[in-house]
Protein chains: 2
Amino acid sequence: MNDLSRLCVHTATTRPLSLDKALDAYAVAGIPGITVWRETLNDHTLEEAARLINASDLTVASLCRGGFFPAPSAVDRQKAIDDNRLAIEQAAAIGAPLVVLVCGAVPGQPLEESRKQIAEGIAACLDDAQAHNVKLAVEPLHPIYAGDRSAINTLAQANALCDALASPFVGVAVDVYHLWWDPDLQSSIQKAGDSGYINAFHISDWLTPTNDLLNDRGLMGEGCIDIRKIRSWVEATGFRGFAEVEIFSTRWWQHNQQDYLEIIKEAYHNHS
Amino acid sequence: MNDLSRLCVHTATTRPLSLDKALDAYAVAGIPGITVWRETLNDHTLEEAARLINASDLTVASLCRGGFFPAPSAVDRQKAIDDNRLAIEQAAAIGAPLVVLVCGAVPGQPLEESRKQIAEGIAACLDDAQAHNVKLAVEPLHPIYAGDRSAINTLAQANALCDALASPFVGVAVDVYHLWWDPDLQSSIQKAGDSGYINAFHISDWLTPTNDLLNDRGLMGEGCIDIRKIRSWVEATGFRGFAEVEIFSTRWWQHNQQDYLEIIKEAYHNHS
């Protein structure tokens with residue numbers, strides 16, 4: 001087994017496990033990094049969650065997820081901003097240096113309008129990000145999600161958004177699942193790296209066929225993404241953060257999760 | 001009801017209808033254009049199909065579809081080229097001025113390799129295209145299909161491919177379903193128009209949620225695509241061809257297809 005020092009697993013990858021169980025299971029498996037999904041925090045008070053995480057040897061890579069800024073009404077947009085400010089507080093409380101943003105989209109609202117609202121929403125959170133020393137990562141989502149989950153669909157777009165916001169607290173999350181198809185990916189990764197934007201790197205695989213738009217991701221090696229190549233582009237920029245395993249999979253959630261972590265380690269070794 | 005003179009329907013939109021039934025139904029509905037899917041030709045000999053089409057008042061916009069050029073073996077790539085040459089002959093036989101190309105992809109084969117094979121495959125068909133005076137249209141497909149149906153996923157890519165092939169017999173098909181999410185779409189359409197590449201314009205709508213990756217397209221107005229805006233960009237380039245209704249929908253295929261054509265006309269009127 002190769003060096004696991006850069007391996008991180010998202011709690012959404014092992015969705016059946018509560019936070020305390022996930023911390024134990026990852027520790028047993030020798031996995032050093034964890035990205036905490038907010039839904040996982042619901043099983044505990046925030047103080048309790050922070051205590052559990054601090055008591056573990058795991059390093060928190062990020063809190064997933066903030067975002068979903070666009071909305072037709074100003075009231076709802078403010079609610080989204082408030083929720084993102086809460087996410088920043090939660091991140092700080094559990095020692096997460098980063099909040100990942102799934103930026104949002106509204107079915108039927110023009111994408112340009114959603115993009116404008118996303119920029120405004122993030123801008124409204126920057127003081128909080130700075131105050132808590134928590135960075136934000138714009139995660140471009142696969143165009144399949146442009147209808148209702150994210151109007152930011154390429155890394156070039158995310159880079160441009162970061163350029164416009166011009167804050168050291170805003171960068172990007174590079175997720176191979178969302179970006180592998182992009183003919184401009186290598187140059188966009190280089191631009192993100194040169195600009196100091198790469199705050200996170202997520203791995204999983206694209207299955208053919210994909211049977212569910214949300215929860216049919218593949219384990220590394222099960223699909224058609226050349227993860228090693230994309231990782232080499234990311235690391236060529238100097239990025240030395242975690243490779244975060246983020247797999248939403250109804251199929252894998254049915255497995256024994258401790259066994260699954262061993263399978264993840266093997267896949268990480270062989271295909272990333 | 002507005003002017004229907006630019007309305008075209010794909011036989012795949014009314015999949016339950018055989019070619020002769022489709023020709024009759026479109027004529028009854030007053031729809032002037034038809035794009036013929038090759039599977040529809042299977043019900044007849046090619047001569048019979050040509051005779052049926054000639055006897056109708058319908059104008060054939062294109063034959064769908066050629067493509068699927070990439071393959072691991074040279075033998076299979078040659079088979080694909082031969083099949084595309086056959087498609088060009090079929091198009092000429094039925095009076096279709098255009099063959100639309102779904103370019104293809106091979107799960108697990110690097111996209112760059114598939115893109116190279118696509119360019120080589122199209123190049124190998126150009127003499128036939130010229131000999132039969134049938135154009136080819138590279139149709140960029142939504143990135144959701146990058147795994148197994150097309151390694152060409154943006155209009156910018158399709159334009160670049162046309163630039164490289166540099167033949168008056170190769171252009172693009174602009175399909176709102178595949179391209180609506182692209183932040184660079186307007187400029188890519190303008191570039192395609194300036195280069196004389198726009199050979200076809202396809203309309204349908206993107207449903208949220210989309211329940212099937214292939215056969216859950218929406219009728220214009222059912223989803224979130226601003227078809228009018230995209231059409232205005234296409235027509236700003238001087239394009240005056242058909243707006244072709246291409247809807248793969250298990251749901252709509254269950255309707256009475258003659259009634260469905262009336263619904264299509266209404267949707268075309270109100271949302272394109």
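For the atom pair CD of B:Gln186 and CD of A:Glu112, the computed distance is 8.5 Å after rounding to the nearest 0.5 Å. Of the inter-residue distances, the one linking B:Thr210 atom OG1 with A:Leu213 atom CG reads 6.5 Å to the nearest 0.5 angstrom. Considering CD of B:Gln157 and CG of A:Asp182, their distance stands at 8.0 Å, rounded to 0.5 Å.
Using a 4.5 Å cut-off between heavy atoms, A:Leu111 contacts chain B through its side chain alone, with no backbone atom that close.
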Taking it one step at a time, do B:Asp148 and A:Trp206 satisfy side chain to side chain contact (heavy atoms under 4.5 Å, CB included)?
-> CA-CA 11 Å; B:Asp148 55 352; A:Trp206 182 275; over 6 Å; no

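Per-residue counts of heavy-atom pairs under 4.5 Å with chain A were compared for B:Pro110, B:Pro143, B:Ala156; the largest is that of B:Pro143. Across A:Gly223, A:Pro107, A:Pro183, A:Ala146, the residue that shares the most heavy-atom pairs under 4.5 angstrom with chain B is A:Pro183.
Enclosure of atom CD in B:Gln78 by more than 12 non-hydrogen atoms of other residues, nucleotides or ligands within 6.0 angstrom is indicated. More than 12 non-hydrogen atoms from other residues, nucleotides or ligands lie less than 6.0 angstrom from NZ of B:Lys191.
You'll find the side chain of B:Gln109 stays beyond 4.5 Å of the side chain of A:Cys224, heavy atoms only. When side chains are defined from C-beta on, B:Trp181 counts as touching A:Thr154, because their heavy atoms get closer than 4.5 Å.
When every heavy atom of A:Thr208 is checked against every heavy atom of B:Gly147, the shortest pair comes out as OG1-CA, 4.0 Å.
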